[in-house]
There are 2 protein chains.
Amino acid sequence: MDMPAEERLGLLVKRAEQRLMAAKHAAVKTAGLTVPQYAALLVLVDNPGISAAALARECLVTPQAMTVVLKNLLGHGLIERGPHQWHRTMLETHLTDAGREALRTADAAAVVIERRIADAFTPDERDSLRDLLARFTQAI
Amino acid sequence: MDMPAEERLGLLVKRAEQRLMAAKHAAVKTAGLTVPQYAALLVLVDNPGISAAALARECLVTPQAMTVVLKNLLGHGLIERGPHQWHRTMLETHLTDAGREALRTADAAAVVIERRIADAFTPDERDSLRDLLARFTQAI
DNA sequence: GGCACAGTATCAAAGCTTTGATAGATATCA
DNA sequence: TGATATCTATCAAAGCTTTGATACTGTGCC
């Protein structure tokens, strides 16, 4: 309580992220996806056969969290999972055609938002924001 | 997939917020609190007797989400809830002494993080970041 | 070969969040 | 007074996230 709320830069970042997530959620919802599901599919399309653990690392969540996301994607028929050739302890994950289609729809909507954000700044301002956010993250 | 990941400013904000939340979570954990619980207590200490619905609006979450947070705070003896004088449909929420103590501990740890972040920038840079984030939020 | 280490998957518990639906109380206006 | 609108709380369902614990498999070193 020593620090006024207005002074806390963290609050601003949190609010910005909150608004961003709300907008993204609404966007990918048109494809029947949640944001974590969309994020997973986005990594998956460039890494066919990736393991759940590797996918979790890529998405910056725990393997347990990714397991739940994959379970739901599997239930909706957007991915397939099967045993790996020689790593018997691994499960290969692949996109289905339905998954590719959902990702295409969701990404189109998500890009609209990113584009709207990017267009709100000049190239110099974008660089500036990138730099400030990098130092923000670094400071933590 | 038309837009490279590096170009998406949203990703940078998300990553910054993710790191911030991880740090804050570790900080308030020393007081036995979660981040949402800490946020609720922070509003509560300045608004004694506030209703759960108003608290939810203040914290930018749904009343249902706040109900769960309050249930857990109640279970840990950090708050008290009782019927309102004339609004029989309202429940007044108040901090207990244990709640005040937990908040004091948690806030001290949280302020350390905010201070570390603030110190990473010059006053001009802080203003700049504030402005850019405001426009970021506005653009969405 | 045997052993420790790292990677993978999974179960369980606790907690946060949303949307949707229900029900009771208060306030406003015709 | 009565209808409408609004605010309150709460139940239910679905989903995401974390920490902690368990077990199996492959790799590298002795």
Side-chain angles (χ1 to χ4, degrees), chain A residues 14 17-41 47 49-76 78-79 81-93, chain B residues 14 17-41 47 49-76 78-79 81-93:
Chain A
K14 189 177 169 59
E17 195 266 352
Q18 213 160 11
R19 288 291 289 272
L20 173 67
M21 277 306 104
K24 280 232 173 138
H25 184 268
V28 301
K29 193 179 176 183
T30 63
L33 296 177
T34 65
V35 173
Q37 288 171 355
Y38 164 64
L41 292 184
N47 301 273
I50 192 174
S51 74
L55 198 51
R57 279 192 298 272
E58 206 68 26
C59 293
L60 302 173
V61 299
T62 60
Q64 292 92 327
M66 186 51 68
T67 298
V68 175
V69 174
L70 291 180
K71 183 169 64 65
N72 289 319
L73 285 172
L74 196 57
H76 292 157
L78 304 184
I79 59 171
R81 305 190 73 187
H84 189 284
Q85 201 79 16
W86 48 81
H87 279 65
R88 254 182 313 199
T89 178
M90 261 179 72
L91 285 177
E92 281 189 347
T93 303
Chain B
K14 188 176 171 61
E17 195 267 352
Q18 213 158 9
R19 289 290 290 271
L20 172 66
M21 278 306 104
K24 280 232 172 137
H25 184 269
V28 302
K29 193 180 177 183
T30 64
L33 296 177
T34 64
V35 173
Q37 287 171 356
Y38 164 66
L41 293 184
N47 300 272
I50 192 174
S51 74
L55 198 50
R57 279 192 297 272
E58 207 67 29
C59 293
L60 302 173
V61 299
T62 60
Q64 292 91 325
M66 186 52 67
T67 298
V68 175
V69 174
L70 291 179
K71 182 170 65 65
N72 289 320
L73 285 172
L74 195 57
H76 293 157
L78 303 184
I79 59 171
R81 305 190 73 187
H84 188 284
Q85 201 79 15
W86 48 79
H87 279 66
R88 253 181 314 202
T89 178
M90 260 178 74
L91 284 178
E92 280 189 347
T93 304

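Values below: all heavy atoms of this structure, side chains included; hydrogens, waters and symmetry mates excluded. All chains are named by letter (A, B, ...) in the order of the sequence lines, taking the proteins before the strands, and each is independently numbered beginning at 1.
Within a 6.0 Å radius of CZ in A:Arg19, other residues, nucleotides and ligands contribute 12 heavy atoms or fewer.
Between the NZ atom of A:Lys29 and the P atom of D:dA14 there is a distance of 15 Å, rounded to whole Å. Here D:dC7 presents its P atom at 17 Å from CG of B:Leu55, a figure rounded to the nearest Å. We find that CG of B:Leu73 is positioned 10 Å from P of C:dG15, with the value rounded to whole Å. In this structure, OH of A:Tyr38 is placed 16 Å from P of D:dC16, rounded to the nearest angstrom. Counting to the nearest Å, the P atom of C:dT19 and the NE2 atom of A:His25 are 7 Å from each other.
Distance from the side chain of B:Thr34 is smallest to C:dC16 among D:dT25, D:dG15, C:dC16. You'll find that the side chain of A:Ala53 is closest to C:dA9, out of C:dA9, D:dT10, C:dT17. Set against D:dC16, C:dT10, C:dA9, the side chain of A:Thr67 has C:dT10 as its closest nucleotide. In the set D:dG15, D:dA9, C:dT8, the nucleotide with an atom closest to the side chain of A:His76 is D:dG15. Checking D:dA9, D:dG15, C:dT18 against the side-chain heavy atoms of B:Val61 singles out C:dT18 as nearest. The nucleotide whose nearest atom lies closest to any side-chain atom of A:Val68 is, among C:dA9, D:dT8, D:dT17, D:dT17.
Residue order along DNA chain D, read from the 5' end via each residue's closest nucleotide, puts A:Met66 first among A:Thr89 and A:Met66. When each of A:Leu91 and A:Gln18 is assigned the nucleotide of DNA chain C with its nearest heavy atom, A:Leu91 is the one assigned upstream, toward the 5' end.
Using a 4.0 Å heavy-atom cutoff across all strands shown, A:Ala65 reaches at least one base atom of the nucleic acid. Note on A:Gln64: a base of the nucleic acid sits closer than 4.0 angstrom, heavy atoms only. Within the 4.0 angstrom heavy-atom criterion, base atoms lie near B:Thr62. Residue-level contact check: B:Val69 touches the backbone only, with heavy atoms under 4.0 Å from sugar-phosphate atoms and none from bases. Residue contacts shown for A:Ala54 are absent, as no nucleic acid heavy atom lies under 4.0 Å away.
A:Asn72 has no side-chain polar atom (N or O) that falls below the 4.0 Å cut-off from OP1 or OP2 of D:dA14. For C:dT8, one of the phosphate oxygens OP1 or OP2 lies less than 4.0 angstrom from a side-chain nitrogen or oxygen of A:Arg57.
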